[in-house]
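Proteins get letters first, then strands, A, B, ... in listed order; numbering begins at 1 in each.
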Amino acid sequence: MRGIELDVNGDRLETAAPDHWTLLEVLRYKLGLTGSKQGCDKGDCGACTVLVDGQPVLSCLTLAAQAVGKEITTVEGLRPMHLQSGGVGADPIQDAFDRCGALQCGFCQPGMMLSARALVAANASPSREEIQKALSGNLCRCTGYTQILEAVETAIAERVGAEAPRPAWVEDREHVREGELEARTPAKEAK
Amino acid sequence: MLRLPKFRLEEPTDVAGAVALMSEHGEDAMIVAGGTDLYPNMKHGLFEPKVVVSLGRIAEMRGIEALADGGLRIGATTTLAEMAQSALVQERAPALAQAASLVAGPQLRTMGTAGGNVMLDTRCQWYNQTHFWRKSLGYCLKKDGTVCHVVAGGRKCVAAASNDTAPTLMTLNASATFANDEGSRDVKIDEMWKADGIWNKEPGRGEILTSLHIPAQSKGHRGAYGKLRDRGSIDYPLFGCAVRLDLDSEGVVEDADVVCVALVARPLRIKKVAETLRGKKVGTESFAEAAKEAADLADTQAKPMDNIPGESLYRRQMVPVYVRRTLQAAAEGKGPVHHV
């Protein structure tokens with residue numbers, strides 16, 4: 001057992017855990033931050049992705065002790081940190097995921113959003129291919145990738161005031177009645 | 001949920017401290033850098049060290065240095081992402097940057113290191129499994145058992161070297177510096193392998209890889225890496241091939257080298273590639289013909305087995321395809337070769 005001070009989502013948290021506990025285990029079972037998911041637990045699925053000093057890493061393969069002295073961001077930190085930096089409402093990535101329906105079961109979503117967050121911080125206008133690459137370490141078992149990619153594109157487009165891409169499912173529907181198209185296209189909620 | 005077995009973590013801040021810890025604890029201790037290979041293996045019950053010595057806080061082991069003679073020195077704990085994105089590595093050792101860019105997925109490249117990929121444990125579909133899975137099968141030669149499930153009656157472990165960067169380092173004539181309690185020594189990457197899947201390296205488990213040295217390449221150096229895998233991310237190679245071409249000022253091949261990985265316990269150099277390609281001018285029909293001949297050489301020399309996932313027949317058929325395409329990519333100054 002060793003005392004550990006972790007900087008999580010802007011807060012310094014003190015806890016204690018044995019050396020062999022992973023960062024994911026400490027986040028979930030000592031600090032109660034269950035947003036980071038325990039999926040494969042061996043580095044395949046990306047559900048446990050957190051940001052360490054702004055970089056996406058797998059918390060299931062990082063020891064808690066090795067994260068001491070580094071800034072950790074989990075999905076719980078996205079909204080508070082967005083508000084702190086002068087934003088309104090949810091983090092734009094979270095907001096876009098919500099409006100684009102970028103989830104089915106939701107298990108992969110925290111990891112997806114953190115990988116997307118790191119990408120957007122590093123690259124202001126990534127292409128679809130760059131988004132795919134940045135999210136390639138996050139598996140979605142429901143295979144709802146299209147909406148996830150659209151959500152990231154939407155967040156990026158809205159940040160620069162450009163028009164969000166038309167969701168792929170709109171194109172698929174040949175029998176959309178007049179007026180229904182607009183009603184179904186996700187619109188940004190009024191603030 | 002996969003728990004790590006109990007151990008004590010040591011985090012020395014210099015190489016001397018790490019060497020002292022390894023020497024003090026001997027076989028009870030293991031070295032960890034990024035943890036992307038060791039921790040999953042420990043979670044599978046493949047290793048149970050009492051002490052884990054982390055290299056993560058040793059600043060002197062990290063970074064990429066441009067040498068005045070045109071070579072490179074890469075600290076062992078430099079991450080794969082840093083290596084892949086480095087303009088220096090891309091320019092002086094393109095095949096190495098390409099290979100690093102294709103290791104696993106983005107998060108694992110942020111964590112995994114240059115030294116860790118060289119020191120990667122060999123892999124086998126009968127070995128990289130949970131304890132429950134392996135026990136149900138009566139274990140295997142590499143761990144806890146006496147039977148090989150790949151080669152019937154086999155007495156020698158054939159788990160595959162699966163490190164993407166190792167073959168590129170071999171084509172680049174690179175060497176690795178190891179620190180041990182007698183000081184430090186340089187080992188050519190080319191000469192550090194043994195045909196033993198249980199431990200396929202000549203340096204011992206307690207020696208610490210501190211840096212990689214890549215000598216200056218020829219003026220007309222071209223390099224590329226080709227990787228076959230199931231998905232465009234995350235997976236280990238089902239087959240990998242590194243290519244080096246040395247061209248003269250006219251674009252004629254003076255020397256060539258092809259080294260493949262994900263076959264047997266050690267990376268495999270394809271013989272007679274240089275003889276086949278020498279004198280051929282890139283971009284001509286004769287080069288394309290020679291690249292095909294070199295791919296045929298790889299086809300006869302490299303025989304994928306059922307040691308790693310992926311049907312071996314498919315992997316076998318992809319060997320000449322990937323070698324030919326990677327040679328072509330290197331000639332054109334492109335790459336990596338990757339199907340997705």
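- Within residues 113-127 of chain B, no residue has any heavy atom closer than 4.5 Å to a heavy atom of chain A.
- For chain B, no part of A/C45 is nearby; none of its heavy atoms comes within less than 4.5 Å.
- Contact of A/V50 with chain B is not made at all, since no heavy-atom distance falls under 4.5 Å.
- Contacts between B/M1 and chain A at a heavy-atom distance below 4.5 Å involve backbone atoms as well as side-chain atoms.
- Atom OG1 of residue B/T130 and atom NZ of residue A/K42 lie 8.5 Å apart, to the nearest 0.5 angstrom.
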Step by step, work out the side-chain contact (heavy atoms from CB on, under 4.5 Å) result for B/L4 and A/W21. CA-CA 7 Å; B/L4 282 167; A/W21 277 43; over 6 Å; no
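- Put simply, CD on A/Q132 and OG on B/S233 are 11.5 Å apart, with the number rounded to the nearest 0.5 Å.
- For the atom pair NE2 of A/H20 and CG of B/L9, the computed distance is 12.0 Å after rounding to the nearest 0.5 Å.
- Expressed to the nearest 0.5 Å, how far CD of B/E11 lies from CG of A/D19 amounts to 8.5 Å.
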Would A/L58 and B/T110 count as a side-chain contact (heavy atoms from CB on, under 4.5 Å) if you check the C-alpha gap in whole Å, the side-chain angles of each, and the deciding distance to 0.1 Å? CA-CA 9 Å; A/L58 302 177; B/T110 305; over 6 Å; no
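- Ranked by non-hydrogen atom pairs under 4.5 Å with chain B, the options A/A118, A/A65, A/G111 are led by A/A65.
- Minimum interatomic distance between B/L2 and A/E25 (heavy atoms only, all atoms of both residues): O-OE2, 4.4 Å.
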Using side-chain contact (heavy atoms from CB on, under 4.5 Å), reason through B/I234 and A/L139 one step at a time and then give a plain yes or no. CA-CA 10 Å; B/I234 306 174; A/L139 301 185; 3.6 Å; yes
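- Contacts with chain A were tallied for B/R57, B/R109, B/M42, B/H44; B/R57 has the most, counting heavy-atom pairs under 4.5 Å.
- Closest approach of A/G137 and B/P106 over heavy atoms only: N-CD, 3.5 Å.
- Residue A/P56 touches chain B through both its backbone and its side chain, counting heavy-atom pairs closer than 4.5 Å.
- Looking at B/V32, the atoms closer than 4.5 Å to chain A (heavy atoms on both sides) all sit in the side chain, from C-beta outward.
- Both the backbone and the side chain of B/R3 come within contact range of chain A, each with at least one heavy atom under 4.5 Å from a heavy atom of that chain.
- Sparse packing is recorded around CD of B/E27, with 12 or fewer heavy atoms of other residues, nucleotides or ligands lying under 6.0 Å away.
- The 12-atom threshold is not exceeded at CD of A/E71, counting heavy atoms of other residues, nucleotides or ligands nearer than 6.0 Å.
- Using a 4.5 Å cut-off on side-chain heavy atoms (C-beta onward), A/Q66 and B/S54 make contact.
- Contacts of B/K43 with chain A are made by side-chain atoms alone, with heavy-atom separations under 4.5 Å and no backbone atom involved.
- Remark: A/R141 CZ is loosely packed, at most 12 non-hydrogen atoms of other residues, nucleotides or ligands lying under 6.0 Å away.
- The residue among A/V52, A/L135, A/T49, A/T62 with the most heavy atom pairs within less than 4.5 Å of chain B is A/T49.
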Hey, mind stepping through A/N138 and B/Q107 against side-chain contact (heavy atoms from CB on, under 4.5 Å) and telling me if it holds? CA-CA 9 Å; A/N138 294 82; B/Q107 298 98 319; 3.0 Å; yes
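- Summarising the geometry, atom OH belonging to B/Y39 is positioned 3.5 Å from atom CG belonging to A/L63; distances are rounded to the nearest 0.5 Å.
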